Amino acid sequence: MLQYVMKGGNPLVGEVEIAGAKNAALGILAAAIMTDEPVVIDNLPDVSDIRVLLKAIEDIGAKVERINKHKVRITSDSISTVEVEFDYIRKIRASYYLIGALLGKYKKAKVALPGGCNIGTRPIDQHLKGFKRLGSENTIEEGGSILAQAKELKGAHIYMDMISVGATINVLLAASMAEGRTVIECAAKEPHVVDVANMLNSMGADIRGAGTDVIRIHGVNKLHGTEYSIIPDQIEAGTFMMASAMTKGDVTVTNVIPKHLEVISAKLSEIGCQVEEGDDRVRVIGTPVMTHTNIKTLPYPGFPTDLQPQMTAVLSVSSGTSIVTESIFENRFMYVKELNRMGTDIQVEGNAAMINGVSKLTGAYLTAPDLRAGAALVMAGLTADGYTIVDDIKYILRGYEDFDGKLRRLGANIVAVSNEEEIKEFKQRY
Ligand code: UD1
């Protein structure tokens with residue numbers, strides 16, 4: 001089993017280039033199969049969730065050519081089935097985007113129910129409700145697949161009962177090729193929703209209002225090929241900004257859109273860090289003593305739930321008492337017991353964590369319960385005295401490209417290991 005072993009204590013210093021946004025890429029790859037013409041996608045992050053989706057796209061008959069590590073050409077004129085029931089597809093939650101894409105293009109899709117990180121029950125009722133409003137009949141098949149099919153898809157007025165990134169993107173995909181006008185009310189406004197809409201528009205779709213809470217779509221009969229470059233990853237950038245703060249370092253994240261990072265910049269400034277914004281970069285300079293603050297996760301432009309564990313880690317070593325409230329997912333504090341094993345003082349009650357800042361952390365043997373929590377544990381390990389091992393890093397690899405390599409280049413002592421021998425070697429070296 002792959003693990004990270006690290007020795008804490010080094011401040012992170014230098015520049016780190018941020019990869020393309022994983023969550024945008026997942027929607028964009030699904031959109032790419034909606035035309036028979038070639039689609040070239042650039043700035044694709046090289047992470048396992050993306051590799052899984054590309055494999056599924058290939059396994060239903062599309063041609064996937066790797067132009068380089070971050071660029072692919074997808075040609076979908078040879079798709080031979082709308083059934084995506086491979087066992088491996090359940091590993092990624094965004095498999096559900098194949099329902100929207102295939103339903104839009106072929107009016108039929110059968111996709112194995114999504115998995116993903118274990119951070120709550122994560123229903124998909126809003127996706128299904130959206131498809132139903134467009135005229136799809138949805139059934140849950142034995143074995144846990146969703147079959148969605150329609151004689152024809154017709155534009156509709158859809159009120160989302162809650163703000164959902166996934167449901168907004170999924171309905172965007174299907175409605176792009178529905179007949180007539182669709183209006184999505186209470187749409188998610190996340191940068192990756194806008195990116196998927198921009199990509200679909202570059203394929204000939206007619207989507208307006210992405211980035212606001214009402215999106216209007218005029219369906220088209222056909223989409224065409226395009227070349228599209230994915231936006232930078234807000235969450236990866238935020239993670240490195242917070243890692244800089246936590247290790248009292250000086251890190252500049254490059255290839256970013258500072259506007260997408262405003263809430264993180266604001267919170268890090270609030271606790272005493274110096275934050276400097278450039279055109280496509282943000283520099284975070286740590287401070288010897290960070291102070292407390294309160295955080296509540298909210299849909300964009302609020303504080304992202306995907307940065308909640310990392311911010312909790314930062315606040316665990318900031319003076320005073322901070323409260324972090326999780327309002328998106330009900331099961332997103334599982335990592336707290338791991339952090340507490342390093343000496344943090346965090347109590348979770350319901351959907352809130354009360355954090356009493358401590359002055360030092362001690363290295364420990366930890367297990368990453370999910371992707372973003374995994375990153376938070378690594379950040380804590382890099383701040384702690386002594387050695388930390390973060391076990392079972394498969395979750396982290398789902399969403400961070402070359403995480404340990406990027407951290408090493410900023411001065412961290414961290415490597416990925418797969419056995420005791422390699423851990424021993426690491427300990428001899430550092
Ligand atoms: C996406 C992101 C994930 C991020 C989340 C919130 C991807 C692949 N994943 O997940 O990293 O943490 O947005 O920013 O882009 N809900 C329902 N019914 C639905 C859909 C959602 O009840 O049909 C609930 C969820 O349980 C959750 C909330 O709505 O409480 C928001 O979920 P949603 O925005 O849909 O998250 P995902 O798209 O799954």
Side-chain angles (χ1 to χ4, degrees), residues 20-31 45 47-50 52-53 56 89-101 111 113-133 138 140 146 148 158-174 184 186-197 213 230-231 233-236 238-239 260 263-264 296-311 325-333 351 369-376 395-396 398-400:
K22 169 185 81 88
N23 288 347
L26 293 163
I28 282 171
L29 288 177
V47 296
S48 68
D49 269 16
I50 297 297
V52 170
L53 188 56
I89 197 68
R90 292 179 203 275
K91 285 194 201 138
I92 63 162
R93 184 158 174 78
S95 55
Y96 53 44
Y97 290 144
L98 293 172
I99 311 176
V111 177
L113 272 178
C117 275
N118 182 20
I119 53 178
T121 49
R122 305 186 77 170
I124 58 164
D125 55 303
Q126 298 302 303
H127 305 232
L128 298 180
K129 167 179 148 169
F131 296 148
K132 189 168 174 212
R133 294 279 304 144
N138 313 313
I140 298 180
I146 290 181
I158 301 167
Y159 290 88
M160 295 288 177
D161 297 328
M162 78 245 330
I163 297 176
S164 161
V165 171
T168 303
I169 291 179
N170 230 341
V171 172
L172 268 184
L173 291 165
I184 309 175
C186 205
K189 297 183 276 201
E190 268 67 3
H192 37 292
V193 173
V194 180
D195 210 31
V196 176
D213 38 29
I230 294 166
I231 54 164
D233 198 302
Q234 177 205 28
I235 306 302
E236 188 197 11
T239 302
H260 295 165
V263 64
I264 301 135
K296 184 174 185 186
T297 61
L298 288 170
Y300 188 82
F303 194 91
T305 174
D306 283 357
L307 285 169
Q308 180 260 100
Q310 301 89 316
M311 194 65 196
T325 308
E326 172 57 56
S327 67
I328 312 283
F329 293 111
E330 75 272 22
N331 198 13
R332 214 165 189 177
F333 283 120
N351 68 341
D370 64 71
L371 164 57
R372 306 302 172 184
Y395 288 115
I396 301 178
R398 292 179 48 178
Y400 288 95

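One-based numbering, in listed order, for ligands and for the atoms of each. Treat the numbers as computed from the prediction; the structure is a model and nothing was measured. For reference, positions follow the sequence shown, starting with 1.
- To the nearest 0.5 angstrom, Phe131 atom CZ is 7.5 Å from Ile124 atom CD1.
- Contacts of Asp306 with ligand 1, taken as heavy-atom pairs under 4.0 Å, involve the side chain alone.
- Using a 4.0 Å cut-off to heavy atoms of Tyr96, the atoms of ligand 1 that qualify are 37 (P), 38 (O), 39 (O).
- Close approach to Gln126 involves these atoms of ligand 1, each under 4.0 Å from a residue heavy atom: 18 (N), 19 (C), 23 (O).
- Neither the backbone nor the side chain of Met160 comes within contact range of ligand 1; no heavy atom lies under 4.0 Å.
- On a distance-only criterion, Phe329 and ligand 1 share no N/O pair closer than 3.5 Å.
- A distance of 8.0 Å separates CG in Asn138 from NZ in Lys132, rounded to the nearest 0.5 Å.
- Within the 4.0 Å heavy-atom criterion, neither part of Tyr300 lies near ligand 1.
- Of the polar atoms of Pro123, at least one N or O is found under 3.5 Å from an N or O of ligand 1, judged by distance alone.
- An N or O contact shorter than 3.5 Å links Val165 to ligand 1 by distance.
- Using modelled atom types, one side-chain atom of Lys129 and one backbone atom of Tyr159 make a donor-acceptor pair closer than 3.5 Å.
- At under 3.5 Å, a nitrogen or oxygen of Asp125, whether backbone or side chain, sits near a nitrogen or oxygen of ligand 1.
- Contacts between Ile169 and ligand 1 below 4.0 angstrom, taking non-hydrogen atoms only, are absent altogether.
- Using a non-hydrogen distance threshold of 4.0 Å, Gln308 does not register as a contact of ligand 1.
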Please determine whether salt bridge (charged side-chain N to carboxylate O under 4.0 Å, His left out) holds for the pair Arg332 and Asp306, giving the CA-CA distance in whole Å, both sets of side-chain angles, and the decisive distance to 0.1 Å. CA-CA 9 Å; Arg332 214 165 189 177; Asp306 283 357; 2.8 Å; yes
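- Checking only distances, Ser164 does come within under 3.5 Å of ligand 1, N or O to N or O.
- Listed by number with element, the atoms of ligand 1 under 4.0 Å from a non-hydrogen atom of Arg332 are 12 (O).
- Between Pro304 and Val263, the shortest heavy-atom distance links the atoms CD-CG1, 3.9 Å.
- At least one donor-acceptor pair under 3.5 Å links the side chain of Asn351 to the backbone N or O of Glu326.
- In summary, the atoms of ligand 1 found under 4.0 Å from a heavy atom of Ile328, numbered by their order in the structure, are 27 (C), 28 (C), 30 (O), 31 (C).
- Within the model, atoms CD of Gln234 and CG of Asp195 stand 12.0 Å from one another, a figure rounded to the nearest 0.5 Å.
- Shown in contact with Gly166 at under 4.0 Å from a heavy atom are these atoms of ligand 1, numbered in order with element: 35 (O), 38 (O).
- Expressed to the nearest 0.5 Å, how far CG of Leu29 lies from CG of Asp49 amounts to 11.0 Å.
- Atom CD in Glu190 sits 8.5 Å away from atom CD1 in Ile169 (nearest 0.5 Å).
- Polar contact check, Ala167 against ligand 1: no nitrogen or oxygen pair lies under 3.5 Å apart.
- Remark: ligand 1 atoms within the under-4.0 Å shell around heavy atoms of Asn23 are 2 (C), 3 (C), 7 (C), 8 (C), 9 (N), 11 (O), 15 (O).
- Checking Ile235, Ile396, Thr305 one by one against Arg372, the side-chain contact (heavy atoms from CB on, under 4.5 Å) holds for a single residue, Ile235.
- At distances below 3.5 Å, at least one donor-acceptor pair connects side-chain atoms of Gln126 with backbone N or O atoms of Asp161.
- For ligand 1 and Arg93, the ligand atoms under 4.0 Å from any heavy atom of the residue are 39 (O).
- Heavy atoms of Lys22 found under 4.0 angstrom from ligand 1: none, in either backbone or side chain.
- Taking the six-membered ring for Trp and thresholds of 30 and 60 degrees, Tyr300 and His260 have ring planes more than 60 degrees apart, a perpendicular arrangement.
- The shortest N or O to N or O distance between Thr305 and ligand 1 is not below 3.5 Å.
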